[in-house]
There are 2 protein chains.
Amino acid sequence: MPRRYLDLVSLTDALAAMRRAFPPLNRTETVPLRLAVGRVTAEPLYAEYSVPQVDIAAFDGYAVRSADTLRAQDQRPLPLESSVPINTGEILPPSFDAVVMIEDTWDEGGIPWIRKPAAPWQHVRHAGGDIRAGELVLPKGHQIRPFDTGALATYGITRLKVRSVRIGIVPTGNDLVPLGVAPSPGQTIETNTLMAETYLTRMGATCRRYGIVPDDPAMIRSMLEKAVAENDFVILSAGSSAGSRDYSPDVIGTLGEIIFHGIAVRPGKPVLLARVDGKPVLGMPGYPVAAQTVLREIVGDMLCWWGLAPEGGEELGVRLSRKLASDVGFDEFIPVSVGRIGGVSWATPHPRGGGIQMAVVRANGYLHIPAGREGLGAGEEVCVRLTVPSERIACTLICTGVRSLALSELGNCLIDAGFMLHCCNASTMGAVLALRAKTCHAASICIPETGTAWRDLVLRYLPGVDLLRVPVTRTELGIASAGDLDIENLRFVNRPKGSVARMLFDAWLEEQGIDAARLTGYEYEVRTPGAVTVAITNGFADAGISPAAMARDAGLRFTPLGYESCELLIREESAGDEGVASLIQVARSPEFKERLRSLEELRA
Amino acid sequence: MPRRYLDLVSLTDALAAMRRAFPPLNRTETVPLRLAVGRVTAEPLYAEYSVPQVDIAAFDGYAVRSADTLRAQDQRPLPLESSVPINTGEILPPSFDAVVMIEDTWDEGGIPWIRKPAAPWQHVRHAGGDIRAGELVLPKGHQIRPFDTGALATYGITRLKVRSVRIGIVPTGNDLVPLGVAPSPGQTIETNTLMAETYLTRMGATCRRYGIVPDDPAMIRSMLEKAVAENDFVILSAGSSAGSRDYSPDVIGTLGEIIFHGIAVRPGKPVLLARVDGKPVLGMPGYPVAAQTVLREIVGDMLCWWGLAPEGGEELGVRLSRKLASDVGFDEFIPVSVGRIGGVSWATPHPRGGGIQMAVVRANGYLHIPAGREGLGAGEEVCVRLTVPSERIACTLICTGVRSLALSELGNCLIDAGFMLHCCNASTMGAVLALRAKTCHAASICIPETGTAWRDLVLRYLPGVDLLRVPVTRTELGIASAGDLDIENLRFVNRPKGSVARMLFDAWLEEQGIDAARLTGYEYEVRTPGAVTVAITNGFADAGISPAAMARDAGLRFTPLGYESCELLIREESAGDEGVASLIQVARSPEFKERLRSLEELRA
């Protein structure tokens, strides 16, 4: 039967309880040097040989006895009669104590001459000068870097003991289909275990993914026992919410002891941690962004506790472009896009929610609102953890406002100019205010193509600002209907307040003298234009505002109401900025227009 | 015959010439998603499906028609008679338009009750709410992050086209032996191609290493032709200096056109770049640190130019602890260790030189002195590129001074306390001055165990500073000799000025009334204590100053002169710092003393 969550534990308490419950694991494995990058040494590594093993020449030239060269002078060059040609790395012959570089000699009659005496031991690499046999190369606990491999190989170390954690990952759920199988509606591709494997492998864990287990307590139990026996840590994916079909908590509860179930973290709340046979078993939520948070903040912390290396991005101090609400007592993690606008680094949040995986894909970092804070204010200084190298921030263009396929394509075309366009969702009003606050490079707005809209929706909020308008798309909107436009007897679906479709519809209703309150379904708002035609063809409604092309594609009647203009607004003062200039140039280029046309045809 | 280098090209000009000579490569390959992390997309990726495909429940609970719930109030709860139980992710049944969360209901007589009406579309995830079919997921040129794999899988993308560069790596040289073979004196383990493979693979290149080619023009030529035919870029390792056995430049010259040979970069000067069959062929210097610089600054730049992702560490603004000389016109790269001392981040340089690979292993970053600068001043603000995550800097302890095996072991023992000890080479005097300038956490000094040494060598430079002395090792020094100590007829080897051995020797000579100038070999300085006994047992000299243990191990006579005390000096004011406190505690622990004893026994 359905259950509510038990009392939520704070993130801090959850991590402390986890560390208390599980002492550090001391598993090691021996890997060949080639596969050691990123792994953490389990024991100190000592040089097998001295390098160099004996005194050798540091340069190409001639081995000499320094005493023989004492009389050489600029005015009285000296032939190196008893010298021996020597190459870099060759052994200095016995009784020789210096090398003269070939560049410092010239040839006369087959004998090299010099103008300067050689100091004793000049250009000689002493035995053990780099390292002596038995000297420490790397301590334990060191994460191997690519260039470390060369040094280790040089010092005779070909295999090394590294820290190891075996993680078993078990997906559960009747609705899951494996990657590669096309999901039916209501089915989900099983992807969280792939993501977990990819992420945890980069931290140096050895992951094993098991097959999908249906929602059946006996099968979950049997797979769990197997996975616990074969690993140091087990993750049950998508088995930790509180639905009627979630048997994992019960199964885990009968096999072992629950450390916590439910933590005050968003996303990631339904996570469960238990101890089975002394090993941690984690119930990971099914929502991908919640799963990511749990992998990073909980499993990642455990692996660090067990001595593996954190997969950490760079931290960057930035200002937050708009306020973010958050409940006191909850640690929240929010994907953001960071860009530098007018010399200031601004972070703009993407939508939250465990299911909106694209928000994380679009973001270049995330920020953490600690449990003690009741949200963050606009303009506040915050610390963002980047998910891209910090160099990219300088080439990132923040476009706040209405997102569209055309803007995505614009971003795609900008890559060749070396810039990354990050589109952050906001209404037209939100976009205009972001441009006013200088927290974006460009505002993406959609307004009706009428004289007053530009003045009422844009200009009044940006008085005295010199603006560049870059048109992106122009769309005809109107009423799509299954049959005749018998307004008062039709069931409508509407678009949200603030949308151009809604504005044009309201203006038309007023013009026609129709009272909106009398329309059936006027209050039924759908979020996308596509949902309007779907609602009509499904028989859920009879009419709604739709782009002309969509109505025609769906075989519906179309009564035109006006045009929607989607454009980029840019401050003229920033048009000289290299990235902004590229954005304008690409958006206005015939190639981009052509690309939009072909995309539209593709879709039609 | 030996040749001098041609005119050196600046790094900037070399990179520009390289980019002019080779247009971007457009090679791609298709990889399964599991292997895509770190790779760079070669084309934009679009969603195969909408996610969700249809309207689904966002939470576990009950599907309802929102209109049916309008009358629910706190005082007048309502039974959800026509509701349908629904789990997270399940399809919303036709004509239902909202979900009530299970947490917001209670059960009475088998029917769920509510106290609050459901808003239309509440807790419903709309079709396409995450992404719509055909929408852009990632643009081209995006480096895949671990969490991106989950999103791509969710959107039906199981294989993807990524940018690809095939690099052939050919080691050349008679002195090379493959990894795994013990080198004889004068032989070198072939490790640079392993290092190149490891480094370039992490940038997304596909590397192929060929077998070692001896210094034979015909064999080099034939291998080069094969490698050029099979790859997009060829690296000839250790074939670019100007020695008599370096045939690579000639071979490359006859096969193609040389773009540059010799650049004004230290280390890395002898690098060569040519075009053979339209493809770049790079002659990489044999010195490992020079090879690293060339891989990072030149090959890395080329791969970025060809669209792969840079392997970049974080940049950190720090202050330089001591001045660094550098020739104008040369770009220099110098390994450094960065630590925070008293709230300031200080970078302390390690020894330069293409052969000192341990300097890079010990360092946690490097700094770049641009060609336009004639060195950098002590205390100057500089930018360091880290080779470890920046979080580590806070746990890094900088110990400047005399390095020893005991200090390395101390570092090894400190790891368990969570701190990394970086030992930066300096004389006792240098260490004392570093402590005075507060650029290190601890100074490692070695002084004679006499009353005046402490006053003359330490106290006079640190007046008024409260100091903690932490003894590390105490060593008896004396004259090791092959036979009788007939001072005036022996050939000596000496230790450098400033060494305790030299101080004790000079003091003894003065005491005995012996004129140093009359001693044969007094001016022959060897850098390590071990070299003294080696010189005597080899017959190169008859006597020298050596630790008692080494003299006895070598079967030499020993005349004691005094004791050397090696200790850590720490400012008392910093002893409360967590890292410094751990350092003191570990250095004074019986476990550490025991470990030193067992290491000595192991060596004996």
Side-chain angles (χ1 to χ4, degrees), chain A residues 2 4 37 44 53-54 60 87-91 102-103 125-126 128 130-131 136 139-141 145-151 153-154 158 175 179-180 185-186 188-189 191-192 194-195 198-199 202 241-243 245 288 292 312 314 355-358 360-361 387 389 391 408 411-412 415 527-528, chain B residues 2 4 37 44 53-54 60 87-91 102-103 125-126 128 130-131 136 139-141 145-151 153-154 158 175 179-180 185-186 188-189 191-192 194-195 198-199 202 241-243 245 288 292 312 314 355-358 360-361 387 389 391 408 411-412 415 527-528:
Chain A
R4 283 151 193 274
V37 174
Q53 290 190 283
V54 291
D60 296 320
N87 279 310
T88 304
E90 284 184 336
I91 305 173
I102 195 151
E103 289 93 325
R125 293 183 61 205
H126 282 285
D130 185 2
I131 201 165
L136 184 79
K140 69 180 165 195
R145 299 163 293 185
F147 286 159
D148 290 332
T149 59
T154 303
T158 57
D175 60 321
L179 183 59
T188 305
I189 304 177
T191 63
N192 284 354
L194 171 70
M195 186 169 78
T198 315
Y199 183 75
R202 303 245 325 168
S241 68
R245 281 192 330 214
Q292 288 171 5
E314 298 178 46
I356 308 178
Q357 210 164 353
M358 272 308 289
V360 179
V361 173
T387 55
E391 281 82 359
S408 297
N412 216 10
I415 294 285
R527 281 199 292 186
T528 63
Chain B
R4 283 151 193 272
V37 175
Q53 291 189 284
V54 291
D60 296 320
N87 278 310
T88 304
E90 284 184 336
I91 305 173
I102 196 152
E103 288 94 324
R125 292 184 62 206
H126 282 285
D130 185 0
I131 201 164
L136 184 79
K140 70 179 164 196
R145 300 163 292 185
F147 285 159
D148 290 333
T149 59
T154 304
T158 56
D175 59 322
L179 183 60
T188 305
I189 303 178
T191 63
N192 284 354
L194 170 71
M195 185 169 76
T198 314
Y199 183 74
R202 302 241 330 164
S241 70
R245 281 192 330 213
Q292 288 171 5
E314 298 178 47
I356 308 178
Q357 209 163 354
M358 271 310 287
V360 179
V361 173
T387 55
E391 280 82 0
S408 296
N412 216 9
I415 293 285
R527 283 200 290 186
T528 63

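Below, chains carry the letters A, B, ... as their sequence lines are ordered, and counting in each starts from 1.
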task = Could you please spell out the steps behind the side-chain contact (heavy atoms from CB on, under 4.5 Å) verdict for A:I189 and B:T154?
result = CA-CA 6 Å; A:I189 304 177; B:T154 304; 5.7 Å; no

query = If you look at every heavy atom in B:P146 and A:R202, which pair is closest and at what distance?
reply =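 Looking at all heavy atoms of both residues, the closest pair is CG-NE, 4.1 Å.
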
inquiry  = Could you report the tightest heavy-atom contact between A:V54 and B:P185, atom names first, then the distance?
reply    =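 Shortest heavy-atom separation between A:V54 and B:P185 comes out as CG1-CB, 3.8 Å.
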
request  = Go through the atoms of B:I415 and report whether side chain, backbone, both or neither lie under 4.5 Å from a heavy atom of chain A.
outcome  =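 Only the side chain of B:I415 comes within 4.5 Å of chain A.
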
message = Between B:Q53 and chain A, with a heavy-atom cut-off of 4.5 Å, which part of the residue counts as in contact: side chain, backbone, both or neither?
response =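 Side chain only.
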
message = Between B:D130 (side chain only) and A:M358 (backbone N and O only), is there a donor and an acceptor less than 3.5 Å apart?
response =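 Confirmed, B:D130 side chain pairs with A:M358 backbone.
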
Main-chain N/O of A:V361 paired with B:R145 side-chain donor or acceptor, under 3.5 Å =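 Checked: pair present.
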
request  = Drop me the distance from A:L179's CG to B:T158's OG1, to the nearest 0.5 angstrom.
outcome  =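 With rounding to 0.5 Å, CG (A:L179) is 6.0 Å from OG1 (B:T158).
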
ask   = Could you state the interatomic distance from CG (B:D148) to OH (A:Y199), rounded to the nearest 0.5 Å?
value =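 It is 13.0 Å, given to the nearest 0.5 Å.
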
Heavy-atom pairs under 4.5 Å with chain B, option from A:Q357, A:E391, A:M195 with the top count =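 Among the listed options, the one with the most contacts to chain B is A:Q357.
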
query = Which of the residues A:T188, A:I131, A:N192, A:L194 is involved in the greatest number of heavy-atom pairs with chain B at under 4.5 angstrom?
reply =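 Heavy-atom pair counts peak at A:L194.
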
ask   = Are the side chains of A:K140 and B:N412 in touch, meaning some heavy atoms are under 4.5 Å apart?
value =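 Contact flag for A:K140/B:N412 side chains = yes.
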
key: Non-neighbouring partners of A:S408 that pass side chain to side chain donor-acceptor pair (under 3.5 Å), sequence neighbours left out   =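 Side chain to side chain donor-acceptor pair (under 3.5 Å) list for A:S408, sorted by chain: empty.
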
